[in-house]
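Naming convention: chains lettered A, B, ... in sequence-line order (proteins, then strands); numbering from 1 in each chain.
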2 protein chains.
Amino acid sequence: MKRDERQQAIMDLLVEQGSVDLEDLAQRFVVSKMTIHRDLDELEQAGVLRKIRGGATTEAGTQFESDFRFRERRSGAAKDRMTDEALKLVEPGMTVMVNDGSTAAVLGRRLVEKRPLTVITNNAAIMDALRDESGITLIALGGTYSAKFNAYFGVVTEDALDRLRADIAFISVPAVAGMEAFHMDDEVVRAKRAMQASARQSCLLINHTRFERTALHKLCDLTDYTAIITDDTPPQAALDAMAEGGVDLIVAN
Amino acid sequence: MKRDERQQAIMDLLVEQGSVDLEDLAQRFVVSKMTIHRDLDELEQAGVLRKIRGGATTEAGTQFESDFRFRERRSGAAKDRMTDEALKLVEPGMTVMVNDGSTAAVLGRRLVEKRPLTVITNNAAIMDALRDESGITLIALGGTYSAKFNAYFGVVTEDALDRLRADIAFISVPAVAGMEAFHMDDEVVRAKRAMQASARQSCLLINHTRFERTALHKLCDLTDYTAIITDDTPPQAALDAMAEGGVDLIVAN
DNA sequence: CACAAAATCACAAAAATTGTGTTGAACATG
DNA sequence: CATGTTCAACACAATTTTTGTGATTTTGTG
């Protein structure tokens with residue numbers, strides 16, 4: 001492994017973990033700590049990380065932390081766990097819908113594991129990822145592009161969904177409270193609803209930190225989902241509410 | 001300049017020119033010919049080029065030559081000239097449709113010069129390019145992805161077009177004979193037709209080498225276009241046919 | 001303030017990249 | 001088809017880059 005590759009690998013780790021340990025890096029790449037020091041120095045010079053005692057972290061408050069790919073890969077482990085569960089619901093030959101959001105993007109990319117599949121999505125990241133995969137029939141939902149969500153929305157999206165049918169839809173939301181799911185943007189809500197309406201069953205993906213929160217628009221009731229997957233145990237209050245409402249929660253850990 | 005950079009630069013030149021000269025490369029990068037030899041050997045090993053006496057060419061008949069990016073950058077000058085003419089038909093504030101194809105992709109990217117605009121397309125390259133441009137409202141047409149054309153097609157695309165309206169549609173085809181335009185794929189023909197039907201006026205972009213050729217499916221008559229732009233003077237027979245048919249040809253050179 | 005851990009520095013060792021001269025193969029040409 | 005010329009391949013040496021080691025300084029912590 002050459003210098004450049006190692007530095008790239010360090011960046012990958014940094015993006016994934018948010019910080020890296022010097023000692024650990026030296027062991028991982030089987031080089032001396034001095035070499036790692038030099039790598040980190042260069043990367044710091046290039047402005048992509050900040051050296052701290054014993055390792056390095058992502059430069060706080062720069063473009064980096066708000067970078068889409070960054071957010072996507074950060075806490076990637078949790079998303080991977082949720083994705084593992086979600087994939088269990090998918091069988092080769094199915095038609096699968098996936099909505100916007102970085103969690104959904106992670107799932108979208110991993111759908112290749114279940115090919116052949118037909119994948120319907122308005123998520124630009126998924127389109128990019130599955131575009132050239134053989135065994136995946138990619139049906140993109142058109143619409144007006146939203147940079148904020150890196151996905152397509154609007155009447156075009158909704159009309160297209162109205163004419164398509166899928167076996168399962170994977171939906172993610174930023175807020176769940178009680179027995180209801182929420183989202184801050186009404187365009188997004190409409191797209192998610194259209195997707196759920198066109199799929200035989202729907203599966204909700206929700207980060208455990210997002211329970212007990214609301215957002216401006218209510219999307220639907222949790223009873224609308226045939227499966228709800230989260231990455232870690234949510235607050236007791238949330239658990240109670242769902243138990244009482246009679247919905248099953250799959251905790252992936 | 002390091003080894004990797006040099007090799008990358010060689011590939012860039014290769015993509016641009018189709019072939020590279022060993023002697024020339026040695027001079028350009030101020031290294032010995034032996035070094036260039038070694039670079040080319042490695043690149044050949046990697047399968048991205050083919051060494052020939054005195055230099056290297058793109059591996060004929062491999063994925064490379066049919067590579068989308070390759071075709072797109074090759075003979076880029078001609079496309080730029082056509083694009084110049086096409087852009088004259090666009091005014092800020094308009095709603096513009098652009099179809100599939102590498103020529104169209106070049107035009108799509110340059111539409112930023114006329115912003116603010118609303119751009120409607122099924123061309124994946126254009127989606128990627130305009131996605132994060134401010135002042136451009138990007139409306140993607142969904143559909144089933146076609147790797148061959150790097151664009152989206154099918155009922156989803158056509159239905160979406162049926163519900164949209166644009167000021168002008170830019171259409172490109174691989175074959176024109178007499179007073180008719182052709183394309184080898186019926187899915188693509190349907191999308192182009194739908195686009196033309198949804199635009200107030202249509203403009204055809206056609207490479208001058210593509211005149212006097214036909215393809216399996218007839219798309220439409222040339223009289224359906226309000227403007228026809230080509231990059232160079234076409235064969236006399238083609239000119240005669242168009243003159244007789246009463247259509248104006250804009251030759252951009 | 002003292003102690004330990006970590007960072008830096010300087011220098012040597014190792015590895016890689018590159019250039020040169022030579023040899024052999026391919027090419028054009030009469 | 002023989003011959004001179006050009007170009008590619010090879011081997012080796014020179015050079016540059018990368019890396020490791022130990023000494024020295026800096027930093028953080030109790």
Could you give the CG-to-P distance, from A/Leu25 to D/dT19, as a whole number of Å?
14 Å
Residues in side chain to side chain donor-acceptor pair (under 3.5 Å) contact with [X], at least two apart in sequence or another chain:
X        : result
B/Asp100 : B/Lys192
A/Asp240 : A/Gln236
B/Thr233 : none
B/Ser19  : none

Residue set satisfying ring-ring contact (aromatic ring centres under 6.0 Å, His included) with A/Tyr152, at least two apart, ordered chain then number -> A/Tyr145
With sequence neighbours excluded, tell me which residues meet side-chain contact (heavy atoms from CB on, under 4.5 Å) with [X].
X       : value
A/Arg28 : A/Leu13, A/Gln17, A/Asp24
A/Glu85 : A/Lys88, A/Ile229, A/Ile250, A/Ala252
A/Gln27 : none

With sequence neighbours excluded, what pairs up with A/Arg210 under the salt bridge (charged side-chain N to carboxylate O under 4.0 Å, His left out) test?
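A/Arg210 satisfies salt bridge (charged side-chain N to carboxylate O under 4.0 Å, His left out) with no residue once adjacent residues are dropped.
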State, to the nearest 10°, the angle formed by the axis through the first five base pairs of the helix from C/dC1-D/dG30 to C/dG30-D/dC1 and the axis through its last five.
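It works out to 40° between the end axes.
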If you measure only the distance, is there a donor-acceptor pair under 3.5 Å linking the side chains of A/Asn207 and A/Thr209?
yes
Taking only nitrogen or oxygen atoms into account, show me every contact under 3.5 Å that the protein makes with nucleotides 1-4 of chain D, one pair per line with its distance.
none

What does nucleotides 2-18 of chain C look like as a protein-contact string, B for base, S for sugar-phosphate only, - for none, at under 4.0 angstrom between heavy atoms?
---BSSBB-------SB
